[in-house]
Amino acid sequence: MNPYGPPSTSTPVASISLVAVGILSAGTIGLGSVAAVLCGLSCYHDIAGNMNDDFVAILLMFGVPLLLFAYIGISAGMIHLRRKSKLDRIPTSVYIVAFTALVGASLLGNPLNRWFSIFLICCLASILASIRTAVRYQHAIGG
């Protein structure tokens, strides 16, 4: 009979620095917000918006996906921080695809499609930059 009770079946959770979580959250939300504001204002200017309806529509068009990307980015970053994983280098083909998507978005005739596509690519880049920075910080402090 074991006086200490049954052995634990759960694995210990890795400790995560609060600064790394702050870097992850602030980077994902902050960089995504900058992309949303810049792309939203550019889109508003490009469509020659002059009514409140245009502004509200663009606010929803860029604000709702920003919340979704922030939720996905922070969740993905927390998974990387808990697993203490290192992100490998990004293959060149990913850069080629992203650049091709940006060029394709720039050539599209509809300004809404163009700026929304650029915004989505910027959101993905901000998530990746935030996760990389938080993971590097976590590894630098010995976590």
Trainee: Taking only residues two or more places apart in sequence, or in another chain, which ones meet Y44 in a side chain to side chain contact (heavy atoms under 4.5 Å, CB included)?
Mentor: D54, F55, I58

Trainee: If I take atom NE2 from residue H80 and atom CG from residue L24, how far apart are they, to the nearest 0.5 angstrom?
Mentor: 10.0 Å

Trainee: For the pair V21 and S25, evaluate side-chain contact (heavy atoms from CB on, under 4.5 Å) and give the outcome as yes or no after the intermediate values.
Mentor: CA-CA 6 Å; V21 174; S25 301; 4.2 Å; yes

Trainee: Please assess V19 against Y137 for the test side-chain contact (heavy atoms from CB on, under 4.5 Å), listing each intermediate value before the final yes or no.
Mentor: CA-CA 8 Å; V19 175; Y137 178 81; 3.6 Å; yes

Trainee: Between Q138 and S17, which heavy-atom pair has the shortest distance, and what is it?
Mentor: OE1-N, 3.1 Å

Trainee: Other than I79, what residues sit in its cluster of Ile, Leu, Val, Met, Phe, Trp and Tyr side chains whose heavy atoms are under 4.5 Å apart, directly or through others?
Mentor: none

Trainee: Are L38 and F116 connected in the hydrophobic side-chain network, where two residues link if heavy atoms are under 4.5 Å apart?
Mentor: no

Trainee: For L112, check side chain to side chain contact (heavy atoms under 4.5 Å, CB included) against everything at least two apart and list the hits.
Mentor: C43, I47, M61, N110

Trainee: Test of understanding: clusters of I, L, V, M, F, W, Y form through side-chain heavy atoms closer than 4.5 Å, transitively. Do I131 and I74 belong to the same one?
Mentor: yes

Trainee: Count I, L, V, M, F, W, Y as connected when their side-chain heavy atoms are under 4.5 Å apart, and connections chain through other members. Are L31 and V135 then in the same cluster?
Mentor: no

Trainee: Which residues, ordered by chain and number, are linked to L41 in its hydrophobic cluster, where ILVMFWY side chains connect at heavy-atom gaps below 4.5 Å, directly or through other members?
Mentor: V37

Trainee: As a quick check of understanding, evaluate side-chain contact (heavy atoms from CB on, under 4.5 Å) for S130 and I23, giving each step before the final call.
Mentor: CA-CA 7 Å; S130 301; I23 290 170; 6.0 Å; no

Trainee: State, to 0.1 Å, how close A35 and C122 come at their nearest heavy-atom pair, and which atoms those are.
Mentor: CB-CB, 3.7 Å

Trainee: Between atom CE of M78 and atom CD1 of I16, what is the distance when rounded to the nearest 0.5 Å?
Mentor: 4.0 Å

Trainee: What residues, two or more places apart in sequence or in another chain, satisfy side chain to side chain contact (heavy atoms under 4.5 Å, CB included) together with S33?
Mentor: I29, L66

Trainee: Taking the side chain as every heavy atom from C-beta outward, state whether T28 and F69 have any atom pair closer than 4.5 Å.
Mentor: no

Trainee: Return the minimal non-hydrogen interatomic distance between F119 and P65, and the atom names on each side.
Mentor: CE2-CB, 3.9 Å

Trainee: Can you check whether C123's main-chain N or O pairs, donor with acceptor, with S126's side chain at less than 3.5 Å?
Mentor: yes

Trainee: Kindly check if the number of other-residue, nucleotide or ligand heavy atoms within 6.0 Å of CG (L60) is above 12?
Mentor: yes

Trainee: Which other residues belong to the hydrophobic cluster containing I96, where Ile, Leu, Val, Met, Phe, Trp and Tyr are joined when side-chain heavy atoms lie under 4.5 Å apart, directly or via other members?
Mentor: none

Trainee: Enter the distance from C39:SG to I118:CD1 here, rounded to the nearest 0.5 Å.
Mentor: 6.0 Å

Trainee: Looking at OG1 of T100 and OH of Y95, how far apart are the two atoms once the value is rounded to the nearest 0.5 Å?
Mentor: 14.5 Å

